[in-house]
Amino acid sequence: MSKTTTDATPERADGTPPERADDADLGAAGSQLSTAPREELPNLPSLGVIGWARWFWRQLTSMRVALLLLLLVSLGAIPGSLIPQSGTDATKVADFRKAHTLLSPVYDKLGLFHVYSSVWFAAIYILLFVSLIGCIVPRTWQFVGQLRGRPPGAPKRLTRLPAYTTWRTETEPEQVREVALALLKKRRFRAHLAGDAVAAEKGYLREIGNLAFHIALIVMLIAFAWGQLFKSEGNKLIVEGDGFSNTTTQYDDFKSGNLFTTDDLVPFSFTLDKFTGTYETNGPNRGTPRTYQAALTYSQGAYGKEQKRTVKVNEPLSIGDAKVYLTAHGYAPVITVRDGKGKVVYSDAVPLLPLDSNVTSTGVVKVLDGYKNAKGVSEQLGISAFFLPTYTKGSETASTFPALDNPVLNLTPYHGDLGVDSGIPQSVYQLDKSHVKEYKDAKGAQLRDNLKPGQTMKLPDGAGSITYEGTKEWANFQVVQQPGTDWALAGALTAIFGLAASLFIQRRRVWVRAVAGPDGVTVVEMAGLGRSESAKVPEELGDLAGILYDQDEKTTPEPEVVPAEGAEK
Amino acid sequence: MTLAAGTELATATNEHLANISNTLIYSAMAVYTLAFFAYIAEWLFGSRSKVGRTAAALTPGAAKAKGKAPAVTVNKAGGTAVLERPKVVVRSAAGARDVPDGPGAHGGDEQGDLYGRIAISLTVLAYLIHLGGVIARAASVERAPWGNMYEFNITFSAVAVTVYLALLALRKNVRWLGLFLVTTVLLDLGIAVTVLYTASDQLVPALHSYWLYIHVSTAILCGAVFYVGAVGTLLYLFKDSYESKLESGGTPGRFATSFLERLPASASLDKFSYRVNAAVFPLWTFTIIAGAIWAESAWGRYWGWDPKETWAFITWVAYACYLHARATAGWKGRKAAYLALIAFGCWLFNYYGVNIFVSGKHSYAGV
Ligand code: HEM
């Protein structure tokens, strides 16, 4: 809300609303009290390409257009929150495509399945940031100019300012001015003597804060964009005792940004020593996880020194730009399969997928080669596994507690051809039952059995045996590399402090005029002007006036200033 | 055996606490209802007085010529020297209406004022009970009381009342807010106990982080303050059309006159809601950043356009729009006020709409 300006170009003067004419005698008093650009009436350019370019640039960097672009950004962000996004949930997008065959192609054309990386969304925010830069640069210059200059001198009629006070004193005008100058300087105003008055200004931090805030926004955007382009993210499930080294081929799944190259991966490796989960054992929160932690031994670089570290859910392990997060856990029963001759053909920990919060789990053991049945014929074995870490009588199909209190492993073996050689990719957690046969028990029913750790189930007719040796835990790790995060954080903090300065600090001016009146008595006038109408300006003025008045022993109140009607007190 | 007995005992204590909490919430609602009627009585008695200050100030041809007299004298110098010190004359900006603030709901009527004071006392009492209910609930679930929408609702309204009472305690002119606040609190608690009630539920480990506590508690506080700002904005819009109607020589209806005369001047309401919104905007910025920091340590990315994140961002941009609008000449006043209401609408949608209609990572906050 800058008032009239003296340095105004002719076009700017056009924009002065009529009621401001009333304030014309304020002169330069209110000029440059902020660096906000003045709103111009949209007058069309007169001539030529350069004229148009200048017009366009001025429009783009005006507050009005900034406002419009801000509105557009928030509007543009809405569809992405309501329509499934391929970046966050690809299966939901697929479901949506199936359900809406007419809409989907339209959505595809408009990029509505990936709004935040779509061309039109980018167009909006890039325009916004061009506008922002176009706004910041001139404002910074202007502000530097204001810092170099001095607060403008007192306007002729101080009574016209938003806050005003006056009194009379026998003290000489020069002395009053000197005392006022000293006081204002002590109060950390930038003050100087200009003619018959002291001119002072304070609150520049507001402008600095505002500029810092807007610059911080740019820093945050660049840091975020940089992070997206060079980002990588992979998942790896590891059973206790197993290890991992950071190369793309070792991941179960891996995603990366457009400019990422495999050389960008931070070299490190680690072994999962032990996973520990503890749970609330009583109360309404029974079963709620209290801790999830994974003890790791890791080494940095190819031949780095081995170090121990514990990773928890909210406490990732940082190695360079990479962070290793613990994202999931489950159980991996150790299973040994022997063939008809008693030869061990399979012995491994089999990670099972949890189904619920009490870690009821399922999975499959696949014995692909090495197994021969009782007749000596090579076959494949597939064993469906269903696992309850805490089995309670009466709850046969669901675990009643997430810890390994009373583990029971239910196994259903099949034999035949698992179909893994057919070339169609298969989930390790699923069994293709089209070419396998069940085993029958003595009564002719399908063979299945519940095992406790250490127990063995025999396959019928000497076809071998399956032993449940014990249980290991597995943990899933997500390894994320996103450069620029520190910059984003620094930008965010700057933005908060800048914003607070910009919103809470008032930039204001104070003038103290002291002149000899016709009767020889000195008339002191004080006035204050803030950037916006704020109760603080008159408060502060009253404070300063009170001090000046009290310091001076030869004062008399000015009787002419009468409170207006409707005044409080 | 001993373990099992201990379990039962603990469960019983927790259930007991949860029941106490429910009783307290219902009692608070009863007392808020009494406060509601006391506020109504304040407004009713207040309607007896014929204030009409706004009308006097604005009706064309009225005794006072517009823009001539300086508005208010502020005397800030404290101590004994008050009378001797020079007075500061405050002059409102050119073009602004010189309208005095209304006297408040009681309209200067003594009985109305008495009911108003009773209403505030009842609000304080209800608030204390309400607070007890929230604390008992927290104790019963052994965590912060915002694990699901029921808890979020009861906490949110408690914080909104805290904001109101704090403003009152700071001697701000906010008594006019009382009726609207208590009405909303009753609605909010009513929805909580009927639709949203959840016995108790669990938090997953991702929710175990002090960043989460910071993030959610500041989010609730911001919501409560934004709400107070939005009420101010809404009343500003009514009062502003009332004033401009008077200014252009119209005669507003009797109800509008009686009601709006007693509210602060539109300029004061506008300034109030601006201050409130501007004061809390940096905190809202911080809330989003705290959320991002937490998301970074829990999910491995600080920003992922999750619906809740997206709407927090939209809300933030909408408030930034509002602040820009205030700083831009052509958009001050009503247009900016609409933006502020839209921004608050975004906040509301983020809270109710996203939890109910959209699923995302935040959905375990539970309906
Ligand atoms: C990227 C999005 C932007 C956001 C989130 C944003 C946010 C804000 C906020 C919250 C304020 C309030 C501070 C105050 O009232 O003093 C503000 C002030 C300001 N903004 Fe922005 N802004 C953005 C872009 C822009 C752009 C593109 C421009 C230039 C065209 C701009 C120019 C200004 C100016 C001049 C002020 C200060 C107004 C004054 O001094 O009163 N902003 N901005």
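Naming convention: chains lettered A, B, ... in sequence-line order (proteins, then strands); numbering from 1 in each chain.
- Interface residue I293(B): only side-chain heavy atoms are found under 4.5 Å from chain A.
- Ranked by non-hydrogen atom pairs under 4.5 Å with chain A, the options G304(B), A279(B), A292(B), A320(B) are led by A279(B).
- Between F349(B) and W311(B), the ring-plane angle classifies as tilted under the 30° and 60° cut-offs.
- Proximity to chain B (any heavy atom under 4.5 Å) is shown, for L75(A), by neither the backbone nor the side chain.
- Using a 4.5 Å cut-off between heavy atoms, I342(B) does not touch chain A at all.
- One N or O on the side chain of T165(A) and one on the backbone of K87(B) form a donor-acceptor pair closer than 3.5 Å.
- Using a distance-only test at 3.5 Å, with no hydrogens or angles considered, a donor-acceptor pair links the side chain of Q85(A) to the main chain of V115(A).
- Of the residues considered (A278(B), S297(B), P282(B)), S297(B) shows the highest number of contacts with chain A, using heavy-atom pairs under 4.5 Å.
- The part of L323(B) that comes within reach of chain A is its side chain, from C-beta onward, which places non-hydrogen atoms under 4.5 angstrom from that chain.
- Contact annotation for L217(A): only side-chain heavy atoms (C-beta onward) come within less than 4.5 Å of a heavy atom of chain B.
- No other option in V480(A), V73(A), V537(A), L499(A) has as many heavy-atom pairs under 4.5 Å with chain B as L499(A).
- In terms of modelled atom types and a separation under 3.5 Å, the side chain of T494(A) and the main chain of A490(A) share a donor-acceptor contact.
- A donor-acceptor distance shorter than 3.5 angstrom exists from the side chain of E309(B) to the backbone of D306(B), with no hydrogens or angles considered.
- With a threshold of 4.5 angstrom between heavy atoms, A488(A) approaches chain B through side-chain atoms but not through N, CA, C or O.
- Looking at L503(A), the atoms closer than 4.5 Å to chain B (heavy atoms on both sides) all sit in the side chain, from C-beta outward.
- Only the side chain of T310(B) comes within less than 4.5 Å of a heavy atom in chain A; its backbone stays farther off.
- Between the side chains of D101(B) and S268(B), at least one donor N or O sits under 3.5 Å from an acceptor N or O.
- Heavy atoms closer than 4.5 Å to chain B are found nowhere in F497(A), neither backbone nor side chain.
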Could you walk me through whether E296(B) and K323(A) pass the salt bridge (Lys or Arg N to Asp or Glu O under 4.0 Å) test, one step at a time? CA-CA 10 Å; E296(B) 211 253 349; K323(A) 283 192 171 154; 3.0 Å; yes
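- Of the atoms belonging to Y274(B), it is side-chain heavy atoms, and not backbone ones, that fall under 4.5 Å from chain A.
- Contact annotation for T485(A): both backbone and side-chain heavy atoms come within less than 4.5 Å of a heavy atom of chain B.
- Relative ring orientation between Y116(A) and F121(A) is described as perpendicular, the plane-to-plane angle rising above 60° on a 0-90° scale split at 30° and 60°.
- With a 4.5 angstrom heavy-atom cutoff, K231(A) touches chain B only via side-chain atoms.
- The choice from W316(B), W305(B), F286(B) that makes the most heavy-atom pairs within less than 4.5 Å of chain A is W305(B).
- Aromatic ring pairs are classed by plane angle as parallel below 30°, tilted from 30° to 60° and perpendicular above 60°; the pair W303(B) and F313(B) is perpendicular.
- Under the 30°/60° scheme for interplanar angles, the aromatic rings of W347(B) and F344(B) are found to lie parallel.
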